[in-house]
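Proteins get letters first, then strands, A, B, ... in listed order; numbering begins at 1 in each.
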Amino acid sequence: MSKPVIATASLAGCFGCHMSFLDIDERILDLIDLVEFNKSPIDDIKTFTKPVDVGIIEGGCCNSENVEVLREFRKHCKVLISLGECAIMGGLPAMRNGIPVRECLEEAYFHSPTIDPADPRLMPGDEDLPIILDKVYPLHEIVKIDAYLPGCPPSADLIWKALTSLLEGKPLEIPYSLLKFD
Amino acid sequence: MPKTKPVLTFTIDGKKCRTSPGQTILEAAKANGIYIPSLCYWEGMKPAGACRICTVRVGGRYMAACTQPAAEGMAVENDVPDIQDMRKAIVEMLFVEGNHMCPTCEKSGNCELQALAYRFQMLVPRFPFQFPVREVEPAGTKILLEHNRCVKCLRCVRGVRTRDNKTVFGALKRSKDKKIAVDQALASALPEKQARQAMDRCPVGSILRKEVGFAVPIGKRKYDKKPIGSEIEKAEG
Ligand code: SF4
Ligand code: SF4
Ligand code: FES
């Protein structure tokens, strides 16, 4: 029997959730026995090459590319997991949600203290760049999500527990000590 | 309980409870080792009935356990799935109607709203996030008012007073526009102990004593290991 396939992505996140994933330490050796990775920054596979059993996404959606990747994951993955504060609630990137996009960009490219006044003021607007969304969206407000693992980042133990429960076909029960929002 | 005090008996989820007349359902439950989740309630302070997390059912009617006195023969429903889910929904509503970014919050680990979310196993709110525009108010020299996290429990309005009994906090407007206001001069003049008390009284990270955040390490905070309410449940074993 072929191994279950996992894919992961970081959208508007900081890669902290992925780092926490790697914090399963030597259990990663068990994991590579148990599963096969497809599209993921962990193995650097850039495009889906087969159907995936479990997709894991960190970070919310802040631009059009995030939305595209998320929809692609939804299409290819049987189970889609929203991993961490930013994926579930928007997190730190969502702190801009009360500020109009133009104001954010002007602050970053025109008014920030590191702008050289001698330089012409340019705001990136190339058509190849993803478009910034009006606000940062949690994943479940864009596609259907099957499971949520909160935390900033979720602990390695929680990620491990969720994965092993899923692979064994058991319902995920999160003990009190592993349910944290920080 | 002294013998002279009259006693009344009632039940919570079928469990016999004894209390004295005048006690609210919430206080009576606590005295009998039963936890009824609450948020705006503060022991010893006049209840406000503001959050409705303590909602129980008696004879098919819903009531706030923190304001309703227990009565002889009452059969209170507390720990039943539909009521627990309704309480969880209120917690979720509070999360989406403010801006609660726990990883950056000074109160995280000691926050009663977060602790309720943990207790109810809230993984994601069922309601869409509102991301309201609210401000951080530097309320004088000692206190910071973080409106993004305020749950309008009115504990500060009811409970924080100066030595000459002036209120320091007040509530402006009503319903979803309700906002806490603070008298900056009075707040700055609060002695250190009272300023800390104001912070402790706030269930969330809305009232902060400046310059003292993140003092307790992760793992040692109030709700890191034990769920909110477990101290009450433990009392009775
Ligand atoms: S007040 Fe409580 S729920 Fe809100 S951000 Fe702070 S810790 Fe989280
Ligand atoms: S500032 Fe704190 S104590 Fe006052 S109403 Fe808001 S949440 Fe309650
Ligand atoms: S605790 Fe009773 S209404 Fe808030």
Side-chain angles (χ1 to χ4, degrees), chain A residues 13-14 16-17 20 57-58 60-62 80-101 103 133-155 158 162 171-182, chain B residues 88 91-92 94-136 146-149 204-205 213-214 216-230 233:
Chain A
C14 70
C17 295
S20 196
I57 301 199
E58 112 179 27
C61 287
C62 78
L80 199 54
I81 300 180
S82 187
L83 179 70
E85 166 81 12
C86 300
I88 299 174
M89 302 209 180
L92 189 118
M95 284 182 97
R96 77 157 161 97
N97 282 8
I99 306 166
V101 176
E103 215 178 302
L133 304 182
D134 61 330
K135 61 176 188 184
V136 177
Y137 292 83
L139 303 183
H140 66 275
E141 292 189 7
I142 296 192
V143 299
K144 181 177 169 286
I145 295 291
D146 305 300
Y148 300 86
L149 299 177
C152 186
S155 67
L158 177 61
L172 171 62
E173 272 159 36
I174 305 182
Y176 185 83
S177 60
L178 292 186
L179 177 55
K180 294 283 168 269
F181 295 164
D182 58 6
Chain B
K88 186 181 183 190
V91 170
E92 293 173 7
L94 289 171
F95 264 86
V96 301
E97 71 91 61
N99 293 308
H100 293 274
M101 231 247 281
C102 296
T104 66
C105 182
E106 293 84 344
K107 197 83 168 198
S108 195
N110 297 308
C111 167
E112 292 173 46
L113 177 65
Q114 186 190 59
L116 285 166
Y118 291 165
R119 187 172 169 120
F120 290 127
Q121 289 252 316
M122 179 189 103
L123 301 182
V124 63
R126 69 193 76 174
F127 308 106
F129 284 95
Q130 302 300 302
F131 297 117
V133 178
R134 296 203 202 152
E135 59 186 352
V136 183
E146 227 301 10
H147 292 281
N148 288 291
R149 304 168 184 155
V204 292
F214 307 108
V216 183
I218 292 178
K220 297 232 160 93
R221 301 167 306 179
K222 199 164 172 196
Y223 303 115
D224 278 339
K225 302 244 160 69
K226 288 193 203 111
I228 189 168
S230 56
E233 294 160 321

What part of B:Asn148 lies closer than 4.5 angstrom to a heavy atom of chain A: side chain, backbone, both or neither? neither
Contact origin within B:Phe95 toward chain A - heavy atom pairs under 4.5 Å: side chain
Taking every non-hydrogen atom, the tightest pair across [X] and [Y]:
X        : Y        : answer
B:Val124 : A:Ile88  : CG2-CG2, 3.7 Å
B:Gly109 : A:Asp182 : N-OD2, 4.4 Å
B:Phe129 : A:Glu141 : N-OE2, 3.0 Å

Region of A:Leu92 in contact with chain B, defined by heavy-atom distances below 4.5 Å: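 For A:Leu92, backbone and side chain are both near chain B.
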B:Gln121 side chain vs A:Leu179 backbone, donor-acceptor pair below 3.5 Å: no
Can any side-chain N or O of A:Tyr148 pair as donor or acceptor with the backbone N or O of B:Met122 at less than 3.5 Å?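 Checking the backbone N and O of B:Met122 against the side chain of A:Tyr148, no donor-acceptor pair under 3.5 Å is found.
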Inter-residue atom distance B:Leu123.CG - A:Ile145.CD1, 0.5 Å rounding: 13.0 Å
Give, for atom SG of B:Cys111 and atom CZ of A:Phe181, the distance between the pair rounded to the nearest 0.5 Å. 10.0 Å
Between chain A and each of B:Asp224, B:Thr104, B:Val133, count heavy-atom pairs under 4.5 Å; write down the option with the most. B:Asp224
Find the one option among B:Ala117, B:Pro128, B:Cys102, B:Pro227 whose heavy-atom pairs under 4.5 Å with chain A are most numerous. B:Pro227
Kindly indicate whether a cation-pi arrangement holds for A:Lys180 with B:Tyr118, taking the cut-offs as under 6.0 Å to the six-membered ring centre and within 45° of the axis. yes
Do A:Asn97 and B:Asn99 touch side chain to side chain, with heavy atoms closer than 4.5 Å? no
Yes or no on side chain to side chain contact (heavy atoms under 4.5 Å, CB included) for B:Met101 and A:Glu85, after CA distance, side-chain angles and deciding distance? CA-CA 8 Å; B:Met101 231 247 281; A:Glu85 166 81 12; 3.7 Å; yes
One pair to check against side chain to side chain contact (heavy atoms under 4.5 Å, CB included): B:Phe131 and A:Tyr137. What are the steps and the verdict? CA-CA 10 Å; B:Phe131 297 117; A:Tyr137 292 83; over 6 Å; no
